[in-house]
Amino acid sequence: MSSRPVLPVLLLTSLFCSTVFTTGQATASAGSPLTGSPITPVSASGAPPTDIPSGAVRLPASPDPVDTPDFLVGLVASHADDYATAAKAFSTALSRDPNDPEIARQAFTQSALAGNPDAVALARESAKHPGGRTILTAFVIGNDAALHNRWEDAAAAYKTMPGDALTRLLAPLLQAWCLAGEHKSADAIRLLTSPPASASPAMPFYLVHAGLIASLNGDTILAGRLYDDARRQMPGRDLLLTRAWGNWLWQSGRQTEAHDLMRQMTSTDTALAIAAPELQAALTSPPVTAPVQGLAHAYLLVAFLMHQQAEHADEGDGQQQINIASSMMLRMALTLDPPLAIARLMLAEIEQDLGHKDVAETVLKGVPPTDPLTRVVQYRRALLDDALGNIPAARQILESLAHDEPQQVLPSRALGTLLFEQKDWTGAITAFSRAVDAARASHSLEWTLLFERAAAYERMGNWARAETDLEEARKTMPDEPLLLNFLGYGWIQRGIHEKDAVTLLERALALDPDDAAIRDSLGWAWLRTGNVRKAAELLEQAAEQTPLDPEVNYHLGVAYWDLGRKSEAIDQWNVALGLKPEPDDLVRIQNALAFVKSSPKADTIPLENAPPVPVK
């Protein structure tokens with residue numbers, strides 16, 4: 001059966017560090033320390049540590065204000081992740097019963113999740129109650145002090161965090177930036193480069209922050225040494241380090257080296273490549289110009305690590321809780337540095353994953369057009385508009401990006417995918433072709449891009465061009481089931497290379513034995529080459545796996561008819577008619593029903609080969 005192109009995605013990993021940060025000190029399971037519930041870090045041995053913070057957010061067994069509608073509304077809204085509604089409801093309930101510790105904690109937690117400005121006052125209120133001091137109250141109270149340049153108060157608030165693996169990783173960064181805010185840069189750098197810090201798996205990131213603090217203090221020689229040490233220890237490419245080191249090179253009169261460094265960062269990543277000109281221009285300025293921005297990047301680091309962990313966790317409540325915790329860390333970062341584009345990009349991705357597309361859209365609108373990553377934000381907004389059904393807006397953004405950056409692969413490819421889904425085959429081919437040309441020029445052509453263009457050519461009716469793309473893709477991925485299926489099915493549909501088609505499809509099914517599409521394709525190939533009984537067996541299995549696929553039901557109907565099971569065949573085609581088949585499949589189904597009506601005693605259904613070139 002035919003295949004659809006692969007949707008491109010924005011890889012935010014490259015915006016931070018291209019290597020997964022694998023350490024037990026940053027992993028998590030169900031629950032979140034940010035809302036008071038503990039994240040359970042896993043040690044290298046796989047066992048959970050014993051220093052998990054207590055005070056988990058939980059529903060009270062028998063809440064006193066159970067007869068209060070606001071409290072019940074808050075419970076329902078919080079379970080639906082509607083933070084704004086929950087915050088408003090719990091705050092109203094708290095005003096009626098200010099001494100209830102559970103309501104105070106819920107009101108604060110939901111307000112913090114919603115990013116409400118009254119979260120600071122609610123944090124102080126919650127902290128008054130037994131068990132009310134959590135990591136989240138420490139963050140909110142500490143951040144407020146930092147924003148008002150009360151650095152000693154901020155450091156004291158951060159020290160109230162319950163001790164666990166997460167806080168052990170974050171605490172040195174928070175304390176160091178508080179020291180920097182007090183103009184104690186030497187103490188801050190000493191903290192981040194001390195033996196305990198050196199033993200942390202986050203040491204490369206500590207060195208980056210130490211370099212930023214040295215740079216803010218005007219100690220360029222020390223900053224350069226720290227950046228160089230960080231580069232040597234960093235497990236992958238890191239955008240913050242690249243920008244900081246690049247600015248250091250620029251300020252040192254080594255502009256060519258600075259440009260080369262940023263070029264290496266952007267040329268190896270399609271997402272960052274969109275913003276290459278702006279990132280080059282930004283080398284003249286340091287990425288962090290104030291201690292509060294440094295604090296924001298500290299939260300961003302931990303949010304990134306947690307988000308990576310969520311991507312590798314099992315789907316379900318555990319993954320969702322990690323993402324919620326990660327989003328809270330990002331909101332802490334944005335409290336301190338509202339325009340921070342990387343935080344907004346990551347937060348938008350998480351909110352969309354959580355089903356909050358409208359929230360994600362609002363988050364992205366907070367990035368100013370002067371930010372070096374503004375093109376990446378525009379690209380992400382286009383994908384979000386597409387997901388929200390705002391196709392004209394998405395298309396306009398992608399067309400603009402593709403026009404402004406014709407040498408970049410990602411915008412043209414995303415535009416091709418959008419147009420493909422809108423059945424604009426001509427437009428999709430044009431966009432994919434532009435992406436292919438750009439990928440060839442940068443020596444980054446992937447088989448998936450050729451696959452996508454081949455799908456558009458096939459839908460356009462130009463099999464010859466589709467076949468060319470598929471054969472080129474096979475040179476790099478000879479055992480890719482998707483390619484083998486697409487090519488083999490295309491040959492069978494056109495009555496060409498039938499023996500080779502069967503061989504390809506048998507190989508594809510051996511490589512991916514659970515794929516219903518491949519099973520259908522091979523069954524259809526066996527049917528068209530005369531092995532009807534064997535074909536029917538495979539097609540029945542495919543129909544069981546994908547009962548709502550009209551093409552599979554049509555194929556099975558043909559097999560039934562050829563086996564003499566005529567009433568079952570007609571039933572199968574009628575089912576296929578009700579499943580909104582593609583136009584070409586609709587014609588085949590209607591032709592089959594018309595044929596058996598006029599020739600009810602026919603032993604086989606006549607099958608026409610699809611044309612290899614567009615019909616004029």
Side-chain angles (χ1 to χ4, degrees), residues 1-7 420 425 429 432 436 445-546 549-559 562 582 584-585 588 604-605 607-614:
M1 60 187 297
S2 57
S3 305
R4 297 182 181 276
V6 180
L7 291 174
F420 184 97
W425 317 125
I429 290 169
F432 284 139
V436 167
L445 182 60
E446 299 175 351
W447 72 268
T448 53
L449 180 52
L450 291 169
F451 180 93
E452 290 178 287
R453 188 171 69 172
Y457 274 131
E458 191 269 342
R459 293 299 177 90
M460 187 73 177
N462 193 338
W463 174 251
R465 296 297 297 270
E467 187 178 26
T468 299
D469 278 349
L470 293 172
E471 290 285 21
E472 183 180 353
R474 278 185 68 204
K475 292 178 181 178
T476 57
M477 295 294 290
D479 288 327
E480 170 52 53
L482 279 174
L483 290 172
L484 299 177
N485 179 48
F486 196 164
L487 188 56
Y489 184 80
W491 285 343
I492 282 294
Q493 281 291 80
R494 289 156 183 83
I496 58 177
H497 312 307
E498 291 183 340
K499 184 177 179 180
D500 290 338
V502 171
T503 300
L504 287 185
L505 294 170
E506 287 176 335
R507 175 62 177 160
L509 191 60
L511 291 167
D512 193 354
D514 296 324
D515 191 292
I518 298 175
R519 182 170 285 108
D520 169 67
S521 296
L522 181 56
W524 186 239
W526 278 338
L527 178 65
R528 296 198 60 162
T529 54
N531 198 337
V532 182
R533 292 191 180 280
K534 197 173 181 180
E537 182 180 348
L538 267 189
L539 292 171
E540 284 179 335
Q541 294 172 4
E544 289 175 1
Q545 287 181 266
T546 56
D549 190 312
E551 190 174 22
V552 174
N553 283 282
Y554 164 70
H555 290 166
L556 181 57
V558 175
D562 288 0
E582 294 288 339
D584 51 349
D585 289 325
R588 295 187 184 102
T604 59
I605 299 295
L607 302 175
E608 294 183 2
N609 294 328
V613 294

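With hydrogens and angles disregarded, no donor-acceptor distance shorter than 3.5 Å links the side chain of Asp512 to the backbone of Ala508. Judged by distance alone, with hydrogens and angles left aside, the side-chain atoms of Glu446 form no donor-acceptor pair with the main-chain N or O of Thr448 at under 3.5 Å. Listed for the Thr529 side chain is a donor-acceptor partner under 3.5 Å among the backbone atoms of Trp526. Put simply, the side chain of Glu582 never gets that close to the backbone of Glu551: no donor and acceptor are under 3.5 Å apart.
Residues Gln545 and Asp515 are not in side-chain contact: their nearest non-hydrogen atoms beyond the backbone lie 4.5 Å or more apart. Contact of the Glu608 side chain with the Arg588 side chain is not registered, since no non-hydrogen atoms from C-beta on lie closer than 4.5 Å.
Residue pairs meeting the ring pair (Phe, Tyr, Trp, His ring centres under 6.0 Å) criterion with at least one partner in residues 503-523, sequence neighbours excluded, do not occur; the list is empty.
Here the CG atom belonging to Leu484 is positioned 12.0 Å from the CG atom belonging to Leu522, to the nearest 0.5 angstrom. Expressed to the nearest 0.5 Å, how far CG of Leu505 lies from CG of Leu538 amounts to 10.5 Å. Here the straight-line distance linking atom CG of Leu482 with atom CG of Leu511 works out to 11.0 Å at 0.5 Å rounding. Separating the CZ atom in Arg453 from the CG atom in Leu470 is a distance of 10.5 Å, to the nearest 0.5 Å. Glu472 contributes atom CD, which lies 15.0 Å from atom CZ of Phe451 (distance to the nearest 0.5 angstrom).
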Does the side-chain contact (heavy atoms from CB on, under 4.5 Å) test come out yes or no for Glu458 and Asp469, once each step is laid out? CA-CA 11 Å; Glu458 191 269 342; Asp469 278 349; over 6 Å; no
So Leu504 and Arg474, side-chain contact (heavy atoms from CB on, under 4.5 Å) or not? Walk me through it. CA-CA 11 Å; Leu504 287 185; Arg474 278 185 68 204; 3.7 Å; yes
Evaluate the side-chain contact (heavy atoms from CB on, under 4.5 Å) criterion for residues Ile492 and Glu498: first the C-alpha distance (whole Å), next the side-chain angles of each, then the deciding distance (0.1 Å), finally the verdict. CA-CA 6 Å; Ile492 282 294; Glu498 291 183 340; 4.2 Å; yes
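Phe420 and Phe432 have tilted rings, their planes meeting at an angle from 30° to 60° on a 0 to 90° scale.
When each of Arg519, His555, Glu544 is checked for a side chain to side chain contact (heavy atoms under 4.5 Å, CB included) with Leu539, only His555 meets the rule.
For Glu467, the side-chain contact (heavy atoms from CB on, under 4.5 Å) partners two or more places apart in sequence, or in a different chain, are Trp463, Glu471, Leu487, Trp491, His497. Tyr457 pairs by the side-chain hydrogen bond (donor to acceptor under 3.5 Å, both in side chains) definition with Arg465, not counting sequence neighbours.
Taking each heavy atom of Asp479 and Pro481 in turn, the nearest pair found is O-CD, 3.2 Å.
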